[in-house]
Novice: 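Submitted below is the structure of interest, expressed as structure tokens.
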Amino acid sequence: MASGIYNRFKADLMNKVVDLEADTINVALYDNSHAFTATDTTYTTTNELATTGGYTQGGAALAGKAVTEAATTYWDASDSSWTSATFTAYHAVIYDNTAADDLICSIDFGGAQTVTSGTFTIQWHANGIISLA
Amino acid sequence: MAKATEQDKKDKKTKETSKAKIKFGDQELDVDIVTETTPNAAGGYDTVVNLPFCPIAAVKNN
């Protein structure tokens with residue numbers, strides 16, 4: 001298992017299809033049957049967590065999206081969270097809801113991440129979700 | 001160290017590190033993902049998953 005950027009996102013950048021600040025960008029959670037495949041193109045409910053236990057299929061929209069221009073330019077957003085949650089997730093997939101659900105990246109949690117009757121938070125890295133050097 | 005159980009997480013704060021990989025072009029980089037849990041008033045626990053950034057392949061000047 002691994003994390004990575006989908007080929008579709010690289011093409012979408014070059015073709016001016018995605019706007020990481022203005023578009024509605026969602027993060028969805030997946031089970032252990034999900035595997036990152038760079039050639040996948042669009043969001044799917046296959047292997048996504050079911051709509052139960054505080055999670056709704058389709059995932060949550062990212063808030064506070066911002067691109068910071070520098071030698072290493074990065075894209076960041078506010079941390080994502082699900083409240084009143086009871087579930088187990090293994091992966092997060094980020095996709096562009098505005099751009100026909102095109103995939104952006106898949107993130108491997110390194111194993112099962114559980115929450116019980118609580119808040120599940122993904123704390124994005126201080127250097128952003130994606131960087132371009 | 002033994003992995004925290006569901007009951008451990010309901011009883012006390014836990015902090016665990018998981019190993020994962022990030023694809024970077026043709027390479028795979030090893031990264032650590034840190035997960036912290038905190039018991040809550042509902043009898044369960046809150047979870048924070050601290051993620052590494054997800055790099056895109058570096059731009060090449062050919």
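Every chain is numbered from 1, with letters handed out A, B, ... down the list of sequences. Treat the numbers as computed from the prediction; the structure is a model and nothing was measured.
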Novice: Quick check on the hydrophobic clustering: are F87(A) and F109(A) connected, directly or via other members, by side-chain heavy-atom contacts under 4.5 Å?
Specialist: yes
Novice: Examine V34(B) and V31(B) and state if one hydrophobic cluster contains both, with Ile, Leu, Val, Met, Phe, Trp and Tyr joined whenever side-chain heavy atoms are less than 4.5 Å apart.
Specialist: no
Novice: Flag yes if more than 12 heavy atoms outside Y74(A) fall under 6.0 Å of its OH atom; otherwise flag no.
Specialist: no
Novice: Quick one: CG on L51(B) to CD on Q113(A), what's the gap to the nearest 0.5 Å?
Specialist: 8.5 Å
Novice: When you check the side-chain N and O atoms of S117(A) and Y45(B), is any donor under 3.5 Å from an acceptor?
Specialist: no
Novice: Working to the nearest 0.5 Å, report the span between CD1 of I22(B) and OG of S106(A).
Specialist: 10.5 Å
Novice: Is the backbone of T119(A) close enough, under 3.5 Å, to the side chain of D46(B) for a donor and an acceptor to pair up by distance?
Specialist: yes
Novice: Can you tell me how far NZ of K9(B) sits from OG1 of T116(A), rounded to the nearest 0.5 angstrom?
Specialist: 7.5 Å
Novice: Measure distances from N40(B) to the heavy atoms of chain A and classify the residue's part below 4.5 Å as side chain, backbone, both or neither.
Specialist: side chain
Novice: Quick one: pull up CZ in F120(A) and OG1 in T37(B) and give me the separation to the nearest 0.5 Å.
Specialist: 11.5 Å
Novice: So which heavy atom on I33(B) is nearest to which on G110(A), and how close?
Specialist: CD1-N, 4.0 Å
Novice: Would you mind checking which part of I107(A) comes under 4.5 Å of any heavy atom in chain B, side chain (CB onward), backbone (N, CA, C, O), both or neither?
Specialist: side chain
Novice: Can you measure from CD (Q123(A)) to OG1 (T35(B)) and round to the nearest 0.5 angstrom?
Specialist: 10.5 Å
Novice: Report yes or no: do I94(A) and V18(A) belong to one cluster of Ile/Leu/Val/Met/Phe/Trp/Tyr joined by side chain heavy-atom distances under 4.5 Å?
Specialist: yes
Novice: Following the transitive rule for hydrophobic clusters with a side-chain heavy-atom cut-off under 4.5 Å over Ile, Leu, Val, Met, Phe, Trp and Tyr, establish whether V49(B) and V27(A) coincide in one cluster.
Specialist: yes
Novice: Report whether Y90(A) and Y55(A) are members of the same hydrophobic cluster (ILVMFWY, side-chain heavy atoms less than 4.5 Å apart, transitive linking).
Specialist: no
Novice: Could you look at T83(A) and say if it's the side chain, the backbone, both or neither that has a heavy atom under 4.5 Å from chain B?
Specialist: neither
